[in-house]
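The structure that follows is given in the form of structure tokens.
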Amino acid sequence: MDDGNPRPQKRLRTDPNFVETPTTASVSHLPSALSPSILVPPPEPPSPTSPGLKPLPPQVLLLALPALLLHPPTHEKYALSLFLSLRALRLCLQLPALAPEVECYAWTALAEVGMRVIKSGFCTTGEYSWTIGLEQEVEKALGKGLLIAQKHPVLRHLRHYLSLLNSHFAFYRSNTRFARAVLRRLISTFVPSDPPTVVYTAHLALLTQLTFCPPASNLSHGNGTNDSISFHPHRNPPEAQAALTALTNLSAIAVQNQHFSILKLVAVSRLRVLVAAEMWDMVGDALQGAEKLLSLAFHDSNGAKEGGQEREVKREGSEFLTRSYSITAQEVHDSAATQSRSQTPLEMEPDGEVRTEQPPAGAKDTREDPLTAALSVHTLMLGIIYHTHGGCARAAEPRLAALHSLMDSGAQVGGVNSDGLVEVPLSPHPPIHLRVSHPRVIFLLTFLISAVAKRDPVGRRPKKKAFAESGIINCREGYDEDGGGAVEINVPPWSSHDDMENIDQSTLRIEADLLCELAAVSIQRCDFAAAGKHLDTVVAHTRTHGFFSEYASRITLHYAHLAHAIGDTDRAGTCYRVAAYLDGAGPVGASNTSTGGFVAAAARAGEALLRIGLAAKQAAPNTTSDPPSVTDEESHALYLDESTVALAEDAIARCSACASAPLPALAELLSAALSPSQIIRSKSLLKHALALSGSAGDNHMRALVLAVVGAQYIHTTPEHAMEVLAVCETLGAGMGASEKKPVSADLESGTGKGASVCGIGNAALRLWVGERFLELFKRAGKEKRVQKQEEFNALYRSAVDAVRMVAEVS
């Protein structure tokens with residue numbers, strides 16, 4: 001009986017006589033998805049229906065397979081594609097009588113695929129026997145390919161590419177000297193006929209190796225530490241100078257070739273190198289040049305420039321004492337002018353997310369140019385970091401608004417489907433495909449930079465807290481409950497697992513930074529229960545993912561601030577000393593104060609202020625309320641012992657050497673605390689500290705300085721002291737403004753939750769200011785005001801006692 005619907009010819013079995021060969025007998029260790037039948041397909045006769053098609057030569061087909069099998073590391077068949085690519089290239093090199101160009105291409109492809117396998121960590125797990133000896137095989141492929149390319153001038157372009165691969169492979173194996181020598185030798189051999197794409201690529205590769213530390217050769221994936229990833233650029237001045245020299249050479253070539261896009265890339269790269277090397281005196285000019293090339297127009301206020309010049313004034317000799325030391329009421333209120341915009345209420349969307357500010361008029365729409373968009377984002381971020389570091393809030397705010405506008409506009413650099421590659425046009429030559437920071441990392445960094453730039457903790461919902469909370473939510477959206485990736489991240493198809501691990505580790509560290517910022521603002525707002533919870537979370541987070549040692553000093557400093565705020569002085573002092581030690585600070589009184597960084601300086605300053613406060617509290621019953629006498633001699637407070645004075649002087653030296661806000665203001669405050677008998681000098685120091693804290697937009701620091709300023713005027717100008725202390729009390733009340741209702745009723749009824757006094761604000765500061773008010777009211781004979789102030793002080797005292805009671809119980 002004839003079949004009316006016969007089986008199509010293409011579905012017939014094509015390998016009925018397939019037998020096991022030595023090749024297929026040794027593939028039991030291959031990925032489970034790999035079938036032996038696809039390794040050695042049986043020969044098929046040419047189809048009579050297509051007489052015009054000729055079979056491809058085996059070497060051409062084998063060389064084309066790696067490109068056809070290319071998959072990104074997020075693909076489930078990624079390991080299989082790498083194995084098949086290696087297998088095809090090895091088979092190609094085993095063919096007899098290969099042409100020199102075919103053999104050179106095969107060796108080049110083998111080195112390239114082999115490096116992807118090595119960077120993906122398949123050689124270290126021991127699960128893939130087909131990767132045994134792959135490093136030696138890659139090294140051999142590079143040598144063989146270079147030898148062939150040098151013998152045949154027509155393969156000059158492959159010699160350049162193989163030199164780049166050789167340098168990259170040596171750098172990956174931590175052989176930095178040889179890697180840089182290869183690149184410098186390659187750059188010196190370029191001739192005018194070489195395409196600019198290759199020339200620029202070599203210069204950019206050298207710049208990358210000069211600005212980043214080489215990764216370790218041993219890879220370790222998973223939840224533990226990954227030493228193969230380098231997150232910290234070089235801070236060595238010789239390396240930075242070499243990078244700047246390389247950028248100068250690259251800029252000269254771009255000017256000669258009239259490639260404006262390379263000039264913009266060089267300007268942003270120079271800015272990045274200077275910021276990473278902390279060469280802040282050169283950052284300002286570099287930032288201005290990069291913004292000019294990218295058409296980013298910002299008109300920085302004169303106040304910010306004057307503030308930067310004022311910080312450079314030396315606090316020595318008669319030049320310092322000739323400054324006006326009187327702190328007027330107008331200056332007290334004007335110091336808040338730089339913070340007025342940061343204190344405006346947040347605009348909230350219906351879903352509760354933050355709506356960013358409107359961009360300034362100088363912001364340029366870069367959506368049509370991915371390269372300009374990427375460079376603009378990096379320049380804006382570096383500009384915000386620079387001005388926030390220098391304490392210029394007015395200069396940072398318009399750049400932050402422009403950054404938010406650019407990220408919200410749907411530019412390709414921040415798009416969902418972007419893989420982090422942008423084209424650098426080099427008309428009429430082929431463009432360079434440049435890898436920039438991944439869009440997911442840029443998106444999360446925007447939250448972190450916004451949280452850092454917004455210093456003001458005053459208000460019902462400060463922006464610092466809002467950005468930190470939103471950033472943490474977005475960080476955790478990329479992971480499922482088991483810690484795996486729940487959101488698919490687009491990367492270039494030639495990427496490796498190492499590149500994916502870099503993105504994941506960057507996300508985890510950004511989340512840790514955001515948790516630290518959230519803990520800091522919770523401490524400032526006296527939400528101590530939330531602060532403790534955030535610190536416990538960041539400890540667990542950093543320990544789980546294996547980078548706790550990088551955050552140990554910073555986390556310990558936050559614990560010191562928390563203990564200091566709740567009145568646990570013993571624990572606070574211990575944490576301050578541990579934080580300074582973990583940050584590399586030497587012993588107190590050592591001649592070298594350059595050891596340690598920001599954390600060490602802040603820890604020494606915090607411990608000094610703690611000990612000065614404890615000494616003043618103990619000496620209070622034995623001191624009179626008379627105003628301090630004026631003297632021109634260098635003398636310290638009588639109640640301070642030698643160790644406290646030495647600690648304070650060490651803290652002053654460290655804070656003065658660090659230009660990062662608010663350390664310069666802390667140095668002025670500590671200097672004023674050490675010389676209470678020198679009224680003129682003390683008031684001048686406090687005036688400078690008030691100007692610095694106002695310029696930085698730091699109301700928390702400003703409240704502390706105003707409290708000390710008010711105490712200076714209690715005995716001489718009570719009216720002025722009342723005005724200064726009133727501003728201080730207002731700031732203290734705002735540092736904990738409740739979003740719904742105050743918790744004072746809960747405190748009175750004993751139902752307060754944890755150690756938080758958000759409804760009262762900074763209860764300790766308001767109690768201290770209230771006691772000064774009470775003293776002034778009693779001196780003026782205002783009985784009604786005295787009675788009312790005593791009621792307020794009782795409320796503040798109960799809040800402080802409640803916090804200390806909860807701290808003692810816990």
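Residue numbers count from 1 along this sequence. No hydrogens, no waters, no symmetry mates; every other heavy atom, side chains included, goes into these values. Every value quoted in this text rests on a predicted model; they were computed, and no experiment measured them.
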In terms of the angle between their ring planes, are F792 and Y796 parallel, tilted or perpendicular, with boundaries placed at 30° and 60°? parallel

Check whether any side-chain heavy atom of M381 sits under 4.5 Å from a side-chain heavy atom of I442, and report yes or no. yes

At what distance, to the nearest 0.5 angstrom, does CD of Q524 lie from CG of D698? 6.5 Å

With no hydrogens and no angle check, is any side-chain donor or acceptor of S695 less than 3.5 Å from a backbone partner on L692? no

Can you tell me how far apart CD1 (I510) and SG (C475) are? Round to the nearest 0.5 Å. 6.0 Å

Salt bridge or not for E771 and R797, using N-O below 4.0 Å? yes

Rounded to the nearest 0.5 Å, how far apart are CZ of R766 and CE of M735? 10.0 Å

Hey, are R554 and E517 close enough for a salt bridge, meaning a charged N less than 4.0 Å from a carboxylate O? yes

Audit row: Y576, L647, side-chain contact (heavy atoms from CB on, under 4.5 Å) steps and yes/no: CA-CA 12 Å; Y576 280 132; L647 176 64; over 6 Å; no

Around atom CZ of F548, are there more than 12 heavy atoms of other residues, nucleotides or ligands at under 6.0 Å? yes

To the nearest 0.5 angstrom, please state how far the CG atom of L508 sits from the NE2 atom of H541. 5.0 Å

Close side-chain approach of R702 and L690, heavy atoms under 4.5 Å: yes

Applying ring pair (Phe, Tyr, Trp, His ring centres under 6.0 Å) to H404 and F467, what does each step give before you reach the verdict? CA-CA 12 Å; H404 290 169; F467 282 121; 5.3 Å; yes

CZ/F598: more than 12 non-hydrogen atoms of other groups inside 6.0 Å: yes

Could you report the tightest heavy-atom contact between A726 and F773, atom names first, then the distance? N-CZ, 3.7 Å

For residues F777 and M722, determine if any side-chain heavy atom of one lies less than 4.5 Å from a side-chain heavy atom of the other. yes

When you check the gap from the basic side-chain N to the acidic O, do D650 and R654 get nearer than 4.0 Å? yes

Under the side-chain contact (heavy atoms from CB on, under 4.5 Å) rule, what do T556 and V599 come out as? Steps first, then yes or no, please. CA-CA 9 Å; T556 307; V599 174; over 6 Å; no

Which heavy atom in L685 sits nearest to a heavy atom in A672, and how many Å separate them? CD1-N, 3.5 Å

Fit a plane to each ring of F447 and F443, take the angle between them on a 0 to 90° scale, and name the class: parallel (under 30°), tilted (30 to 60°) or perpendicular (over 60°). perpendicular

Keeping R525 on the side-chain end and P457 on the backbone end, is there a donor-acceptor pair under 3.5 Å? yes

Could you state the interatomic distance from CG (D536) to CG (L515), rounded to the nearest 0.5 Å? 11.0 Å

So which atom in S682 and which in S675 form the shortest heavy-atom distance, rounded to 0.1 Å? CB-O, 3.7 Å

For a 4.5 angstrom cut-off between non-hydrogen side-chain atoms, does R785 reach K788? no

Nearest heavy atoms of S522 and H534, plus distance in Å: OG-CD2, 3.6 Å

Would you find a donor on one side and an acceptor on the other, under 3.5 Å apart, between the side chain of S405 and the backbone of A401? no

If you count every heavy atom of other residues, nucleotides or ligands that lies below 6.0 Å from R577 atom CZ, does the total exceed 12? yes

So does G697 get a backbone contact from the side chain of D456, meaning a donor-acceptor N/O pair under 3.5 Å? no

Acceptor/donor pairs from residues 382-392 side chains to any protein atom, 3.5 angstrom cut, sequence neighbours excluded:
{"residue": "T388", "atom": "OG1", "partner": "I384", "partner atom": "O", "Å": "2.7"}
{"residue": "H389", "atom": "ND1", "partner": "S660", "partner atom": "OG", "Å": "3.4"}
{"residue": "H389", "atom": "NE2", "partner": "W280", "partner atom": "NE1", "Å": "3.3"}

Over all heavy atoms of both residues, which pair between P718 and L776 is shortest? Give the atoms and the distance, please. CB-CD2, 4.0 Å

Interatomic spacing from OH in Y713 to NE2 in H720 - rounded to 0.5 Å: 4.5 Å

